[in-house]
Number of protein chains: 2
Amino acid sequence: MSNIRVVAELAGVSVATVSRTLKQPESVSPKTRHRVLDAIQQAGYQPNQLAARLRSGKTHNLVVLVPTIANVFFARVISGMQQVAHEKGFTLLLSNTQADEQTECHYARMVESAAADGVIQLRAFNPFKREHVNEHQLHPMVNACEVLDEVACPTVMLDNRAAAAAMTRHLLALGHNRIALVKGPARSPLTRDRIAGYRDALNEVGINFDEQLLVAGDFSLKSGYEAAAHLLTLAERPTAIFCENDEMAMGAMQCLKKMGLRIPEDMSVAGFDDINFAEYSDPPLTTIAQPAEEFGRTAVSLLIDVLQGRVTKAAKVILPFELVIRNSTGPLHKQP
Amino acid sequence: MSNIRVVAELAGVSVATVSRTLKQPESVSPKTRHRVLDAIQQAGYQPNQLAARLRSGKTHNLVVLVPTIANVFFARVISGMQQVAHEKGFTLLLSNTQADEQTECHYARMVESAAADGVIQLRAFNPFKREHVNEHQLHPMVNACEVLDEVACPTVMLDNRAAAAAMTRHLLALGHNRIALVKGPARSPLTRDRIAGYRDALNEVGINFDEQLLVAGDFSLKSGYEAAAHLLTLAERPTAIFCENDEMAMGAMQCLKKMGLRIPEDMSVAGFDDINFAEYSDPPLTTIAQPAEEFGRTAVSLLIDVLQGRVTKAAKVILPFELVIRNSTGPLHKQP
DNA sequence: GCTATAAATGATAACGGTTACATTTTGTAT
DNA sequence: ATACAAAATGTAACCGTTATCATTTATAGC
């Protein structure tokens, strides 16, 4: 592999001139510029990024900590990240952490060991050690999707509370007054906020919160199925099930249909995220649309701003949601 | 950020000894080892990877070229890759190429510019320039999922032809003799192989191939929907639809149900991949299960072997598939 | 105590760029 | 032609490691 010295010799100039030809072409006279470019061509020269990065101290790598890539929503978020990263000359180092804190810390440490410039964390966990926390200094990190409130860190989020309230109001407006909520992972702030929104909406119309109607889930199809199965065993069944993501809603629908219930006549079902499959489920799913790709795009762009010193405050960017009403929710039908 | 010199001074040894303490601890006497480790601790020293990589010429980065991360199947493949990469101390540089050749070449060039050691390509396209092809030298590349036959390159694949034949035989055995096939992207070898398998099975029982029953698709839910809609307009309708992936099968089912057809009584539908949603669709989808995570694991492991010179031939690893029969396929019911 | 050998450590040159500073060349005004 | 500023180019230090080779120190055998 040829290096800058070979090119310099070939062009009959110094290595500095070769470097300048590539980095600041305007500072090199047209005729030497041509000579150098010809030599580069001839030598098949590709500048060694490692060397350049070592000298400049910038890796142009961004670590992405994602709990599970196999999650359709996250896959879309990453897709958006990739787009902006590519445009701005950055590369994404992907880490599928399975929500394992040790793995997250391991990858975050790549920043300290100069293997990456910054981190995008899609989960509510701070992978940086306390010791390194400098009160007035931002970590080179951006938090997206799931809010990490303990640490001052630029964040891209949805108003989950408002979104959950909007969906709950939609169900209430259809006449439902026993609405079950299938939660996400217990510790997630996302879950907490959505529960809050759900309660807000119930309070508005004076319906008492019933603990029984809150069921644990983990965002998987299976947990949605099981949650629905559990709800059907209750003495006082709900008439609507609001799931904190679409996968669980689809799992729940599968269970309900298997038990012979019609959707939405016998039970309304709602989801959250508006994944591709939501539109194609049977019946098509009522859900909250989140701008997944936009989450990714904004997060990367924000992180680059932080790295380049253009952002110095832990700003929060709130992205809009949309209530998408399809056919899985409908008016309450009185049981005969 | 403290460097190796600071640590060396702190421990009262040379930089070489510090380096050795970390890389080959056995070559350092126990007492200096302790002294050095203490100094490292005290200085909060993290070796600079950029420097180490520049010197050693290895980046421990692998570029992954994936057409669309948002594809559920690929997401699982990447998940498997990540697992092995992490275990072996490698990092994945993710590139969502949207099947754009220019983007693919751009990322592949990272190998030449020392930003990555190798490439895993999930699509049938060679991102390396011809000029660099050395007849007897392997590219630092592994091809997975979609076979790239023009270039000698280690490959991880499924016997798509056999799998498609197996599914077609299953449908034939149920009494279907007009079986439609919804294809993937036209240029894909994967599509070509699956068509070949489909024809193999038809030939075995002496059914003539009908061009009309071959419909174009692009692996999206929408294209499955449209393909089904088209098939329903045919004068001689098929009684079964075999889609080259599960998303299209789910799109097709949505269309059929909307048109009032029952599945499988009026029309059997089969997919390919066995994504999570397949089990939870209505009805649960008959499909070909592919070991997606295993694709990823094998690909990474193979690439590392190539990089370390343990593999010098363009070996093909063929992974097993499994015919998963659920309820979307059933015996032919004669129309009244 | 004295070699011969092995083990541990040190000094220093790479790795391949970038960049501050020094030097040369070019251009312009007198 | 001369002086002087501006533009172009060259020189060499530097980024933080690792690897090679030389040197010192420990170990063993006699």
Side-chain angles (χ1 to χ4, degrees), chain A residues 1-40 43-61 89 109-117, chain B residues 1-40 43-61 89 91 109-117 308:
Chain A
M1 188 104 323
S2 65
N3 61 27
I4 200 170
R5 266 163 263 272
V6 172
V7 175
E9 187 147 358
L10 218 56
V13 298
S14 71
V15 293
T17 301
V18 176
S19 180
R20 275 190 288 256
T21 305
L22 293 168
K23 296 283 146 120
Q24 325 151 31
E26 72 286 354
S27 75
V28 172
S29 80
K31 75 165 177 284
T32 46
R33 194 187 313 161
H34 280 125
R35 209 136 43 86
V36 172
L37 291 175
D38 282 354
I40 286 175
Y45 171 64
Q46 287 278 113
N48 184 310
Q49 302 276 9
L50 282 176
R53 291 170 180 188
L54 169 60
R55 183 62 226 255
S56 69
K58 306 281 173 210
T59 65
H60 289 269
N61 284 337
R109 223 171 297 128
M110 293 182 76
V111 172
E112 273 123 50
S113 62
D117 296 339
Chain B
M1 188 103 319
S2 64
N3 61 29
I4 201 170
R5 261 165 271 272
V6 173
V7 175
E9 188 147 355
L10 217 57
V13 298
S14 72
V15 293
T17 302
V18 176
S19 180
R20 273 190 290 255
T21 305
L22 292 167
K23 297 283 145 124
Q24 325 152 31
E26 73 286 354
S27 75
V28 172
S29 80
K31 74 165 178 284
T32 47
R33 195 186 314 162
H34 281 122
R35 210 138 41 87
V36 171
L37 291 175
D38 283 353
I40 286 174
Y45 171 66
Q46 287 277 113
N48 183 310
Q49 300 279 7
L50 281 176
R53 291 170 179 187
L54 169 60
R55 185 61 232 247
S56 69
K58 305 282 174 211
T59 65
H60 289 270
N61 284 337
T91 306
R109 223 172 296 128
M110 293 181 76
V111 172
E112 273 124 48
S113 63
D117 295 340
Q308 301 181 342

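To find a chain, count down the sequence lines: A is the first, B the second, and so on, and within it residues start at 1.
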A.B. asks: Decide yes or no for T21(B) and L37(B): does some side-chain heavy atom of the first lie under 4.5 Å from some side-chain heavy atom of the second?
C.D. replies: yes

A.B. asks: Any side-chain N or O of S56(B) below 4.0 angstrom from OP1/OP2 of dT17(D)?
C.D. replies: no

A.B. asks: So, OP1 or OP2 of dA11(C): does either fall under 4.0 Å of a side-chain N or O from S14(B)?
C.D. replies: no

A.B. asks: Between dT9(D) atom C1' and L22(A) atom CG, what is the distance in whole Å?
C.D. replies: 16 Å

A.B. asks: Atom CG of N3(B) to atom C1' of dC15(D): distance rounded to whole Å?
C.D. replies: 10 Å

A.B. asks: Using side-chain heavy atoms (C-beta onward) and a distance below 4.5 Å, is L50(A) in contact with T59(B)?
C.D. replies: yes

A.B. asks: Among the nucleotides dT9(C), dT18(D), dG16(D), which one has an atom lying closest to any side-chain atom of N48(B)?
C.D. replies: dG16(D)

A.B. asks: Describe the nucleic acid contact of V13(A) in one word from base, sugar-phosphate, nothing, applying a heavy-atom distance below 4.0 Å.
C.D. replies: sugar-phosphate

A.B. asks: Should T32(B) be listed as having a side-chain N or O under 4.0 Å from OP1 or OP2 of dT9(C)?
C.D. replies: yes

A.B. asks: A side-chain contact here means heavy atoms from C-beta on lying under 4.5 Å apart; do V28(A) and V13(A) qualify?
C.D. replies: no

A.B. asks: Taking atom P of dG10(D) as reference, at what distance in whole Å does atom CD of Q24(A) sit?
C.D. replies: 15 Å

A.B. asks: Atom NZ of K58(A) to atom P of dC15(D): distance rounded to whole Å?
C.D. replies: 15 Å

A.B. asks: Give a yes or no on whether a donor-acceptor pair under 3.5 Å exists between the nucleobase atoms of dT17(D), that is its base, and the side chain of R55(B).
C.D. replies: no

A.B. asks: Any donor-acceptor pair under 3.5 Å joining the side chain of R20(A) to the base of dA8(D)?
C.D. replies: no

A.B. asks: Starting from the 5' end of DNA chain C, give me the residue, V15(B) or S2(A), whose nearest nucleotide shows up first.
C.D. replies: V15(B)

A.B. asks: Please check if atom CD in E9(B) has more than 12 non-hydrogen atoms from other residues, nucleotides or ligands closer than 6.0 Å.
C.D. replies: no

A.B. asks: Out of dA19(D), dG10(D), dT17(D), which nucleotide sits closest to the side chain of A16(B)?
C.D. replies: dA19(D)

A.B. asks: Side chain of S29(B), heavy atoms from C-beta onward: which of dA8(D), dG17(C), dT9(C) has the nearest atom to it?
C.D. replies: dT9(C)

A.B. asks: Using heavy-atom distances to pick each residue's nearest nucleotide on DNA chain D, tell me which of T17(A) and K31(B) is more 5'.
C.D. replies: T17(A)

A.B. asks: What's the CZ-C1' distance between R33(A) and dA7(D), to the nearest Å?
C.D. replies: 13 Å

A.B. asks: With heavy-atom distances below 4.5 Å as the criterion, would you say the side chains of N61(A) and T91(B) are in contact?
C.D. replies: no

A.B. asks: Give the rounded distance in Å between these two atoms: CD of E26(B) and C1' of dA8(C).
C.D. replies: 13 Å

A.B. asks: Quick one: does R35(B)'s side chain get under 4.5 Å of D38(B)'s, heavy atoms only?
C.D. replies: no

A.B. asks: Between atom NZ in K23(A) and atom C1' in dA8(D), what is the gap in whole Å?
C.D. replies: 20 Å

A.B. asks: Rounded to the nearest Å, what distance is computed from the CD1 atom of residue I4(A) to the P atom of nucleotide dG10(D)?
C.D. replies: 12 Å

A.B. asks: Out of dG17(C), dG10(C), dC15(D), which has the shortest distance to the side chain of L54(A)?
C.D. replies: dC15(D)

A.B. asks: Would you state whether a donor and an acceptor, one from the side chain of R5(A) and one from the base of dG17(C), lie under 3.5 Å apart?
C.D. replies: yes

